[in-house]
Every structure is written in C-alpha cells, then in structure tokens.
Trainee: 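The structure is given below, and queries will be raised subsequently.
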Amino acid sequence: MGKRGRRREREATGGKRAKTPQLVFTDLPDSTQPRLRLALKQASSAKARELCHRYWSLDSEGRWTHHVGELGHTTQIETAVANVSHVLLLTHVCSVCGEPTQVTTRRQARLLAGPRLDRRPAGYRCPPCRTAQADELKQRNEALRAEQEEAQQRAEREQQLLTQRIADFREQEDEREPDPDPQVQDIGAAAVVVLTAMLQHAHAHPMGPIPSFEQLGPGTWTGFPEEDLHAVKELYARNLLAVHPSAPAAGTMRGQNGEIGYAAQLASWRLIGGTTHTQAVVDKARKYLQLAPGEAAATARQALSTLIRRMEVTDMVTYFNEQLIAEYRYPEVPPARAHELATLIERGFEQGFTTGQMICLVWRAADSASSWKERKGLGPGEASSAAVTTLEGKILDAIGRRQPVPEYDARPWHLPLPALAPGRDLHTRVARVRDRSLIAQCGKCDEMGFIDTEEADGRMVLIRCLHPTDILPSPRSFPDETTGPEAT
C-alpha cells in the first residue's frame with residue numbers, strides 16, 4: 001500500500017491511526033504453578049505498574065499479599081488498576097477454545113476461580129464462545145424454522161391435492177353407471193347372497209345407504225366377515241356397488257401409488273343403477289343357478305348350498321349361546337365344546353329339521369340342563385357344557401323316534417344374520433328346481449325335471465322346469481347336489 005492509500009485509510013478512520021496497546025505479561029505467583037497472568041500496558045507509568053503488581057500480588061497458597069486498604073481507597077484503586085491492566089485466570093479456562101478468563105478486579109477473580117484462585121470449572125464458555133454458540137443456535141433455529149415452514153407448505157399442498165383427489169373420487173363414485181349386460185356365470189356364492197341381502201335392505205330403506213360392516217357388527221352379512229369382505233370387493237369390481245355419498249371421509253385412503261380408494265370395512269354403499277338394475281342382476285344370477293347345465297353351474301349351486309348351511313349353523317349356535325345368557329344367566333358354551341355344538345346343529349339340519357324345530361330342540365336342551373344343574377348343585381359353566389350333551393340326546397332321540405318336532409319362534413332378543421333370510425329364500429328357489437318330490441308332483445316336466453321349449457330360431461331344446469309355485473316339497477326333503485342329473 002502506498003502513501004496515498006495509507007492517507008485515505010487514515011481519512012476513513014477520522015484521520016487517526018488505530019493503535020493496539022502493547023502489553024507486558026507476568027505470571028503470578030512467580031512459581032512453577034502460576035494462577036494468574038497479569039497483563040500491563042507497556043505505556044503505563046512506573047507508579048501505575050507498581051500499583052498493579054501490588055494489587056495482584058499472590059503468595060504460593062493463592063492468597064493476596066496486600067490488602068486493598070493498604071493501597072488506598074478501594075474504588076479508586078480498582079479503577080486505576082482496571083485502566084492499565086487485567087489478569088487472566090489460568091485455572092479458569094473456556095471448555096471450547098481453552099482460553100483463560102479475563103477479569104479486572106479481585107472480586108471478579110475470586111467469584112470465578114474461588115478463594116485460592118484454583119477452581120477449574122466444567123463446561124464454562126467464555127463470552128466470545130457464548131456469542132458464537134448463540135449465533136450458531138440462532139442459525140440452526142432459523143434453518144429449522146425455514147425447514148418447518150417448507151414442510152408445512154409442502155404438507156398443505158399435498159393436503160390440497162389429496163382433498164381434490166378425494167373430491168374427484170367422490171364425484172366418480174356418484175357418476176358410476178351400471179353395466180348394461182352384467183355377467184353372472186362366475187360370480188361367487190357369497191357375493192350373490194350379500195347382493196340379495198343388500199337389495200332387500202334397499203327396498204326396506206329406500207332413502208338410506210346400505211350399512212357398512214362397522215354398522216352391521218361383528219357378524220356382518222353372512223356371519224363370516226372375511227368372506228363378506230371378499231364378496232363386497234367382488235361386487236364393487238363388477239360395478240354393482242359404489243360408495244355412498246354419506247360415507248364418512250375418514251374411510252378415504254391413499255394407496256402406495258397415490259390412487260385414492262376407500263376402506264371397504266368402513267364404507268356404506270349404494271346400488272349402482274338402483275334397486276331395478278340390482279333386481280335384474282339378482283334374477284339373472286338366480287336363473288343361472290336354477291337352469292344352467294354343466295359342472296361350473298353345479299359347483300356354484302353346491303357352493304350356495306354349503307354357504308346357506310354354514311350360515312344356518314352359525315346363526316343357531318349364536319341363538320343357543322344367547323339363550324343360555326339371556327334366559328338362564330349361564331356363560332356361553334365352553335370353547336372346547338364349541339366345535340361339537342356346531343357339528344350337532346349341522347347334523348340336525350342335515351336330517352331335515354327346520355329352523356323352528358331346531359329352536360325347539362335347543363330350548364329343550366337348555367331347559368333340561370338347567371334342571372340337571374339344580375338337582376346336582378353344579379355351576380353355570382358345567383350347565384352350559386351339559387346343554388351340548390343334552391342337545392345331542394334330543395337330536396338323536398327325535399331322529400330315532402321319527403316323531404314330529406314342533407316349531408318354535410325365535411325369541412325377540414335374537415337378531416338373525418342379515419343375509420340369512422334372503423339367502424335361504426334364494427337357495428330354496430334354486431334347490432326346488434331339482435327337488436325329487438317336486439319333480440314327481442309336477443305335471444309339466446318329465447321324470448328328470450326337463451321340459452321342451454322352442455328357441456327363437458325354431459329349434460326345440462330341453463330346459464329345466466321351474467315347477468308351479470303351488471307345489472310344495474315333501475317334508476324333510478333336502479336336495480343333494482352330488483346326485484342326480486344336475487350336471488347335464
């Protein structure tokens with residue numbers, strides 16, 4: 001830098017050169033383990049330097065050599081000393097930079113380093129390091145705040161996008177139209193039964209939605225929640241069901257690929273095309289089960305028959321346990337005998353007993369077990385277990401004696417499965433086509449249950465006879481899908 005540059009620098013600083021005072025350092029006490037380092041301004045007077053040495057003088061134990069009162073007035077002495085000197089506490093160092101702490105009075109030194117000036121603090125930070133730490137913390141907080149604001153804005157954008165997608169999904173659900181030619185050949189038995197039950201509910205409650213699984217309770221439609229869930233998903237995929245506009249927004253979910261869907265367990269439904277279209281689909285499915293030949297149709301009929309039988313057994317097991325609780329204050333049948341109870345009830349249905357007759361038998365079994373409990377003085381749990389044994393005896397006795405069993409109505413505290421009545425009606429209408437007793441009584445079909453009919457092109461073909469509705473099946477007649485010409 002030339003003269004002109006130095007001149008300009010002096011002018012910028014007010015025409016004066018910045019001077020750094022020169023310091024002279026002395027360790028106190030003068031030993032191998034000093035505790036203070038006295039810094040004196042070199043330009044100070046000899047009298048001031050002598051005063052500072054006497055003020056800061058220490059013995060080997062860290063005690064002051066001179067009392068302040070010996071040197072003069074305390075305030076005046078501290079002011080004079082502070083003007084020309086300061087000390088560094090060699091034991092009181094910053095934990096970050098390692099620099100000793102700077103003080104200007106004895107009081108400050110003893111407050112920080114202790115009476116003997118040998119205190120070593122843990123975690124102490126000097127003012128510059130504290131300032132740096134505060135600045136660093138401030139920067140981190142500002143960065144964190146900026147990150148949080150960015151995350152919040154991003155979340156708001158994602159929420160707006162999700163809201164729009166949900167609105168689009170709802171709009172699409174509202175605009176879904178029925179399939180003009182629905183195919184029913186490969187529809188599952190549970191799906192047909194659930195759709196029939198939903199149709200019945202829609203007729204009974206035309207202004208409301210079809211209830212969700214959560215609203216139906218643990219039994220759902222058929223008593224088998226997993227199968228009902230699969231059936232509902234199948235009906236939705238076949239464009240027969242749509243999410244009802246009143247379904248709660250909490251059921252809306254986003255898939256891994258970002259697509260919007262709805263939790264089937266929480267959804268309330270509407271029938272696409274209304275009850276008219278759904279009735280046509282149910283009628284088409286029923287006619288397929290009634291009339292279609294071949295192995296696939298026979299398998300579908302067997303699946304329907306099996307499902308209805310399982311529903312009847314499940315419903316009757318529930319009725320049996322509810323009866324023990326409601327009328328006798330007994331616990332449910334022990335888990336170890338639950339399978340046995342279901343097997344006994346299934347055997348009763350296989351023997352041709354109606355639902356009313358089975359209600360009669362389970363009531364008699366529970367009543368007999370109650371009397372046996374009172375006579376033997378046993379507990380309620382043993383009475384519940386004994387009711388299963390008694391039911392077995394009642395069923396075997398009714399089968400062996402071949403005496404008629406009266407039919408009892410279900411008690412009002414029992415709520416049957418929602419799909420049981422429509423499912424049983426569907427199965428009855430399908431099964432009567434191949435019922436041997438109906439074929440024998442029908443005057444329109446041959447001994448195999450077929451009638452001749454003319455197709456549109458003039459060809460004569462054989463089809464199954466539906467039989468007049470006034471013909472009733474013989475008592476205890478339950479068709480067997482594994483026998484007869486149903487595969488033809």
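The model shown is predicted, which means the values in this text are computed figures rather than measured ones.
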Trainee: State which residue, out of L307, D228, L420, fulfils the side-chain contact (heavy atoms from CB on, under 4.5 Å) condition with V193.
Mentor: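 Single pass found, and it is L307.
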
Trainee: In sequence, state the C-alpha distance, the side-chain angles, and the governing distance for M198 and V194, and then conclude on side-chain contact (heavy atoms from CB on, under 4.5 Å).
Mentor: CA-CA 6 Å; M198 288 181 170; V194 170; 3.8 Å; yes

Trainee: Between Q102 (side chain only) and P100 (backbone N and O only), is there a donor and an acceptor less than 3.5 Å apart?
Mentor: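 Answer holds: no.
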
Trainee: Less than 4.0 angstrom from a charged side-chain N to a carboxylate O is my criterion; do E327 and R411 meet it?
Mentor: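 Yes.
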
Trainee: Okay, side chain of R364, backbone of T390: is any donor-acceptor separation there less than 3.5 Å?
Mentor: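 No; zero donor-acceptor contacts below 3.5 Å.
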
Trainee: Any side-chain to backbone donor/acceptor pair from D118 onto R35? Under 3.5 Å, distance only.
Mentor: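 No; judged by distance alone, with no hydrogens or angles, the pair does not exist.
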
Trainee: For the backbone of R347 and the side chain of Q351, can you confirm whether one donor and one acceptor N or O come within less than 3.5 Å of each other?
Mentor: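 Looks like no, no N/O pair under 3.5 Å.
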
Trainee: If you define the side chain from C-beta out and look only at heavy atoms, does anything of L235 sit under 4.5 Å from W269?
Mentor: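 SC-SC contact between L235 and W269 ruled out.
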
Trainee: Kindly indicate whether a cation-pi arrangement holds for R176 with Y236, taking the cut-offs as under 6.0 Å to the six-membered ring centre and within 45° of the axis.
Mentor: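 Yes, a cation-pi geometry holds between R176 and Y236.
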
Trainee: Rounded to the nearest 0.5 Å, how far apart are CG of L304 and CZ of R286?
Mentor: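 Between atom CG of L304 and atom CZ of R286 there are 12.0 Å.
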
Trainee: Are the aromatic rings of Y319 and W413 close, with centres under 6.0 Å apart?
Mentor: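 Yes - the distance between ring centres of Y319 and W413 falls below the 6.0 Å cut-off.
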
Trainee: Look at the side chain of E382 and the backbone N and O of G379, then say whether any donor-acceptor pair between them is shorter than 3.5 Å.
Mentor: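 Present.
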
Trainee: Should the pair R130-D135 be classified as a salt bridge under the 4.0 Å nitrogen-to-oxygen rule?
Mentor: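 No, no charged N to carboxylate O under 4.0 Å.
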
Trainee: Scan side-chain atoms only and decide if Q172 and D168 contain a donor-acceptor pair under the 3.5 Å cut-off.
Mentor: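 No, no side-chain donor-acceptor contact under 3.5 Å.
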
Trainee: Between the side chain of D367 and the main-chain N/O of W363, is any donor-acceptor distance below 3.5 Å?
Mentor: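 Looks like no, no N/O pair under 3.5 Å.
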
Trainee: Would you confirm whether K284, through its side chain, and P182, through its main-chain N or O, come within 3.5 Å as a donor-acceptor pair?
Mentor: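 Yes.
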
Trainee: T275 side chain to A202 main-chain N or O, any donor-acceptor pair under 3.5 Å?
Mentor: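 No: the side chain of T275 does not pair with the backbone of A202.
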
Trainee: Between R309 and E312, is there a side-chain N and carboxylate O pair less than 4.0 Å apart?
Mentor: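 Here R309 pairs with E312 in a salt bridge, since their nearest N and O are under 4.0 Å apart.
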
Trainee: Would you say the side chains of E407 and T354 form a donor-acceptor pair under 3.5 Å?
Mentor: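 Short answer, yes.
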
Trainee: Distance alone, cut at 3.5 Å: any donor-acceptor contact between the side chains of T101 and H92?
Mentor: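 Per modelled atom types, T101 and H92 side chains form a pair under 3.5 Å.
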
Trainee: How about Q279 and D283: does a side-chain donor come under 3.5 Å of a side-chain acceptor?
Mentor: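 Side chains of Q279 and D283: pair found under 3.5 Å.
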
Trainee: Are H277 and D179 linked by a side-chain donor-acceptor pair shorter than 3.5 Å?
Mentor: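 No, no side-chain donor-acceptor pair sits under 3.5 Å.
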
Trainee: Mind jotting down which residue pairs meet the side chain to side chain donor-acceptor pair (under 3.5 Å) criterion with at least one end in residues 336-346? Sequence neighbours excluded, please.
Mentor: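 Only R337-E340, R337-S385, R337-T389 qualify under side chain to side chain donor-acceptor pair (under 3.5 Å).
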
Trainee: For the side-chain contact (heavy atoms from CB on, under 4.5 Å) test, which of L216, T222, T220 pairs with P418?
Mentor: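 Only one option passes, and that is L216.
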
Trainee: Show your working on side-chain contact (heavy atoms from CB on, under 4.5 Å) between E332 and I325 and close with a plain yes or no.
Mentor: CA-CA 7 Å; E332 294 184 354; I325 296 172; 3.7 Å; yes

Trainee: Short question: side chain of T318, backbone of T314 - any donor-acceptor pair under 3.5 Å?
Mentor: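 Flag set: sc T318 to bb T314 pair under 3.5 Å.
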
Trainee: From I345 CD1 over to I395 CD1, what is the distance, rounded to the nearest 0.5 angstrom?
Mentor: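 Spacing of CD1 (I345) from CD1 (I395) equals 7.0 Å.
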
Trainee: Would you find a donor on one side and an acceptor on the other, under 3.5 Å apart, between the side chain of E234 and the backbone of G188?
Mentor: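 Yes, because the side chain of E234 sits within donor-acceptor range (under 3.5 Å) of the backbone of G188.
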
Trainee: Between E149 and R145, does at least one N-O distance fall below 4.0 Å, as a salt bridge requires?
Mentor: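 No, no charged N to carboxylate O under 4.0 Å.
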
